[in-house]
Amino acid sequence: MKSDHQLVIYNSLSGKKENFVPLHEDHVGMYVCGPTLYSEPHMGNMRTFINFDFIYRCLLYLGYKVKYVRNITDAGHITNSAGQELDSIGSAARSAQVQSLEIVYTYNVKFQELQRVYNLLPPSIEPTATAHIQEQIEVIEQIIENGFAYVVNGSVYFDVKTYMQQHNYGALSGRKVDELEQETRTLNAQGEKRFFADFALWKKANPEDMQVWRSPWGNGNPGWHIECTAMSTKYLGKQFDIHGGGLDLKFPHHEDEIAQNCGSFGCNPARYWMHANMLNVNGQKMSKSLGNYFLPKEIVNGTSALFTKPYPAAVVRFFMLQAHYRSTLDITEEALNASEKGFERLMEGLSLLEKLTPSNSSSFEVAKVLSAAEAAICDDFNAPILIASLFDAVKYIHAINEGKEQLTQEDLLWFTHAMNTFVQDVLGIEPSKKEENQRLSGVMDMVITLRQQAREQKDWTASDMIRDGLEKAGIQIKDSKDGTSWS
RNA sequence: GGUCUCGUGGCCGAGCGGCUAGGCACCGGUCUGCAAAACCGUUUACUCCGGUUCGAAUCCGGACGAGACCUCCA
């Protein structure tokens with residue numbers, strides 16, 4: 001690790017910030033629960049992926065060699081909370097009258113495209129559940145062998161009661177099983193389960209299931225949580241450094257993952273559990289069931305009913321990083337507009353930085369400005385503080401430009417390189433690329449010359465007509481001492 | 001109902017015992033033919049009531065309000 005600051009991470013398991021010490025020096029293994037591809041991920045899903053992408057980038061910045069695994073759920077999850085069975089991938093496929101494979105493939109292509117648009121670094125590996133059925137079966141067999149699961153009528157259930165004799169079920173979510181029991185006792189038909197809190201590791205196939213695999217217990221589907229245990233173990237080992245996901249996965253998904261890992265390999269899979277908070281719309285969690293969601297592509301192409309205009313993906317990303325990953329974030333047009341302005345200010349600062357002229361001496365310490373940014377990264381990946389420190393740096397950039405502050409050639413290069421690293425590599429914000437349209441710029445040069453002539457002749461009517469006309473066409477004229485520019 | 005989290009200025013959002021967060025908006029200024037843009041400066045705050053403390057937005061207790069999880073969910 002190249003930073004002077006000690007990296008501190010908030011661990012959901014302990015509820016505290018802890019010094020980060022990787023299992024293997026300079027290496028980090030990180031597993032993040034990815035999307036379920038029976039529909040297109042919405043903006044709330046994207047926030048989680050953006051947050052973990054930022055965390056991934058921070059770790060890389062700090063000099064760690066990171067193995068980042070983010071799974072893709074393409075196997076149907078079966079639930080039977082109230083005796084009602086639901087295969088989400090299967091249902092979507094049936095209604096669309098196409099094979100489930102086709103659905104999953106279609107959404108996967110869209111998801112990959114979204115990752116490019118939102119500038120997410122590709123994970124080291126993106127394993128799919130369907131390609132790891134064998135591994136899942138092997139983990140289940142191990143759990144059975146260890147006595148923490150039982151087979152009933154072609155299904156396999158995790159035996160929470162037996163598990164609790166040796167392990168702490170509820171360590172992550174803070175749930176007590178006897179409390180859970182009081183809550184659920186009245187509701188549900190226990191069915192095949194021996195104990196209400198038991199959960200399915202393998203579920204016997206239903207006649208209408210589209211996805212069915214062979215197993216030692218007959219044809220069926222893997223349970224909802226087993227894929228993550230199988231894939232994280234395969235690619236990162238029985239224990240690794242960081243396990244992340246959305247806050248809503250804490251219980252039961254992550255709790256059950258811990259149980260499965262302890263039940264098969266005897267240890268909690270991850271040393272640090274990290275949970276990203278939700279994206280809210282009007283104070284409520286964005287979710288499919290509430291119907292208050294919009295898609296990441298809709299905000300970019302301006303087709304979301306919530307917003308009056310499109311916002312570049314980089315602006316949306318910037319907006320999200322202005323809040324800490326552990327806080328909820330409310331998305332509104334007003335807030336987005338504020339971020340867009342700030343985003344432009346930062347970008348203009350960066351482009352001005354490239355044009356600064358060096359001096360013989362430096363009037364301030366570059367290291368001090370940069371240190372604040374690095375400290376923010378190390379303090380539980382505090383993106384908003386990082387951004388605030390970059391705005392502080394922008395003030396210095398303008399001061400240098402106005403001759404109020406100076407930097408030597410050497411310091412200026414250092415400053416420039418660091419700023420670009422923080423913005424592009426760490427925040428993952430690509431500077432807005434000006435579309436270099438040769439023909440348009442030729443025309444604009446001419447129009448500006450015409451207007452300049454009118455101005456020199458004090459023909460304000462003509463000059464304002466040109467200015468207003470361009471404004472209507474979405475081109476803004478900027479007059480300054482050094483001449484006129486447009487954007 | 002149970003478990004938990006949160007309530008910060010016009011908006012979004014950091015901070016989490018003493019030190020300006022930041023962005024946007026507002027206001028003032030510089031610049032300008034007038035604008036716009038840009039830059040500079042700047043006002044406004046910690047839901048309420050108690051307690052601990054020399055000192056609390058920050059810790060403790062209570063009230064009110066909001067949200068999450070307990071069911072697929074990032």
Side-chain angles (χ1 to χ4, degrees), chain A residues 15 32-36 38-39 41-52 73 76-82 84 86-88 91 170 173-176 179-184 186-188 224 244-253 275-280 283-290 293 318-319 322-324 326-346 348 352 372 376 379 382-392 394-395 398-399 401-402 404 455 458-460 463-464 467-468 471 476-481 485-487:
Chain A
V32 172
C33 293
T36 301
Y38 62 86
S39 64
H42 62 238
M43 205 61 231
N45 299 301
M46 276 308 286
R47 157 128 118 130
T48 297
F49 302 139
I50 288 171
N51 274 138
F52 281 104
T73 297
H77 282 185
I78 303 162
T79 76
N80 67 342
S81 54
Q84 177 191 26
L86 204 158
D87 175 343
S88 36
S91 329
S173 61
R175 265 161 228 283
K176 306 274 184 292
E179 281 166 2
L180 279 171
E181 183 163 26
Q182 288 180 346
E183 295 152 26
T184 12
T186 47
L187 312 172
N188 102 45
W224 349 329
L247 192 58
D248 49 359
L249 294 182
K250 201 170 179 181
F251 187 89
H253 183 61
H275 291 97
N277 218 138
M278 304 290 103
L279 180 66
N280 287 181
Q284 267 194 316
K285 172 186 170 183
M286 181 178 286
S287 78
K288 218 150 252 178
S289 43
L290 286 170
Y293 67 94
F318 182 73
F319 165 74
Q322 276 188 300
H324 188 86
R326 279 193 288 120
S327 301
T328 53
L329 171 64
D330 247 288
I331 189 162
T332 59
E333 176 132 56
E334 197 180 0
L336 216 40
N337 279 333
S339 279
E340 184 169 43
K341 286 288 190 70
F343 174 85
E344 280 160 11
R345 181 172 149 79
L346 184 60
E348 293 198 9
L352 183 58
D379 184 13
N382 197 322
I385 295 286
L386 168 63
I387 289 172
S389 77
L390 296 181
F391 278 113
D392 188 42
V394 168
K395 279 204 189 336
H398 288 297
N401 187 231
E402 286 158 26
K404 291 174 189 160
R455 294 180 75 204
K458 299 201 190 300
D459 182 357
W460 309 128
S463 102
D464 288 356
R467 185 172 70 197
D468 296 345
E471 181 88 46
Q476 191 174 52
I477 289 286
K478 294 177 190 174
D479 293 326
S480 73
K481 277 176 285 195
S485 61
W486 60 276
S487 61

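All heavy atoms count here, side chains included; hydrogens, waters and symmetry mates do not. Order of the sequence lines sets the chain letters (A, B, ...), proteins ahead of strands, with each chain counted from 1. These numbers come from a predicted model, not from an experiment.
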Non-neighbouring partners of [X] that pass side chain to side chain donor-acceptor pair (under 3.5 Å), sequence neighbours left out:
X	result
A/K341	none
A/K285	A/D248
A/E348	none

[N] to [M] separation - [atom1] atoms, rounded to the nearest Å:
N	M	atom1	result
B/C59	B/U5	P	12 Å
B/U53	B/U44	P	31 Å
B/U8	B/G2	C1'	30 Å
B/C19	B/U58	P	13 Å
B/A57	B/G13	C1'	15 Å
B/G9	B/G1	C1'	37 Å
B/G61	B/C69	C1'	26 Å
B/G17	B/G51	C1'	15 Å

Interface polar pairs with nucleotides 25-32 of chain B, N/O, under 3.5 angstrom:
from  : atom 1 : to     : atom 2 : distance (Å)
B/A25 : OP1    : A/K341 : NZ     : 2.7

Contact class for [X] (heavy atom, under 4.0 Å): base, sugar-phosphate, or nothing?
X	answer
A/K478	base
A/K250	nothing
A/E402	sugar-phosphate
A/M46	nothing
A/H42	base
A/L249	sugar-phosphate

Please give, in whole Å, the distance from [N] [atom2] to [X] [atom1]?
X	N	atom1	atom2	answer
A/L247	B/U3	CG	P	18 Å
A/Q284	B/C73	CD	C1'	15 Å
A/D248	B/A68	CG	C1'	9 Å
A/M286	B/G67	CE	P	16 Å
A/L346	B/A38	CG	C1'	15 Å
A/N280	B/A66	CG	P	14 Å
A/L352	B/C40	CG	P	10 Å
A/N277	B/C73	CG	P	17 Å

- For RNA chain B, whose closest nucleotide is more 5', that of A/F391 or that of A/Q476? A/F391
- A/G283 or A/S389, whichever maps to the more 5' nucleotide of RNA chain B: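 The residue mapped nearer the 5' terminus is A/S389.
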For a quick test of reading the model, state the closest non-hydrogen atom pair linking [X] to [Y] and the distance between them.
X	Y	result
A/R326	A/H275	CG-O, 3.9 Å
A/G246	A/T48	N-CG2, 4.0 Å
A/Q322	A/F391	NE2-CE1, 4.5 Å

- Message: Restricting to ring-ring contact (aromatic ring centres under 6.0 Å, His included), what partner residues turn up for A/F318, sequence neighbours left out?
- Response: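 Expected list: A/F343.
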- Which residues satisfy the ring-ring contact (aromatic ring centres under 6.0 Å, His included) test with A/F49, sequence neighbours excluded? A/F111
Any residue meeting side-chain contact (heavy atoms from CB on, under 4.5 Å) with [X], in chain and number order, not counting sequence neighbours:
X	result
A/D459	A/A454, A/T461, A/A462
A/A399	A/K404, A/E405
A/K288	A/S39, A/H42, A/Y293
A/L249	A/C33, A/H253, A/H254

- Item | Nucleotide pairing, RNA chain B (Watson-Crick or G-U, distances under 3.5 Å), in dot-bracket with [ ] and | | ((((((((.[[[)....(...]]]..((((.......)))).....[[[[[..)....]]]]])))))))....
If you compare every side-chain N and O of [X] against the phosphate oxygens of [N] (OP1, OP2), does one of them come in below 4.0 Å?
X	N	result
A/S339	B/C24	no
A/R326	B/A68	no
A/N382	B/G22	no

- Query: Taking NZ, NE, NH1 and NH2 as the nitrogens, is one of them in A/D464 or A/R467 under 4.0 Å from a carboxylate oxygen of the other?
  - Reply: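 Salt bridge: yes.
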- Message: Please determine whether any donor N or O and acceptor N or O are separated by less than 3.5 Å between the side chain of A/R345 and the base of B/C39.
- Response: no
- Under-3.5 Å donor-acceptor pair between A/D464 side chain and B/G33 base: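 Counting by modelled atom types and ignoring angles, a donor-acceptor contact under 3.5 Å is found here.
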To the side chain of [X], which of [options] is closest?
X	options	value
A/H398	B/A74, B/U71, B/C40	B/C40
A/E348	B/A21, B/A68, B/A38	B/A38
A/P252	B/G33, B/C70, B/A21	B/C70
A/R175	B/A74, B/U71, B/C70	B/C70

- Message: Counting C-beta onward and ignoring hydrogens, is there a side-chain heavy-atom pair between A/V394 and A/L346 closer than 4.5 Å?
- Response: yes
- State, yes or no, whether a side-chain contact exists between A/I331 and A/R47 at a heavy-atom distance under 4.5 Å.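 Heavy-atom side-chain distance check fails, nothing below 4.5 Å.
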- Message: Can you tell me if A/F49 is stacked onto the base of B/A74, using a 5.5 Å centroid cut-off and an angle below 30°?
- Response: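 Here the ring of A/F49 and the base of B/A74 are not stacked, as the 5.5 Å and 30° limits are not both satisfied.
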Heteroatom pairs (N/O) under 3.5 angstrom, protein to nucleotides 8-13 of chain B:
from  : atom 1 : to     : atom 2 : distance (Å)
B/G13 : OP1    : A/D330 : N      : 2.9
B/G13 : O2'    : A/Q322 : O      : 3.3

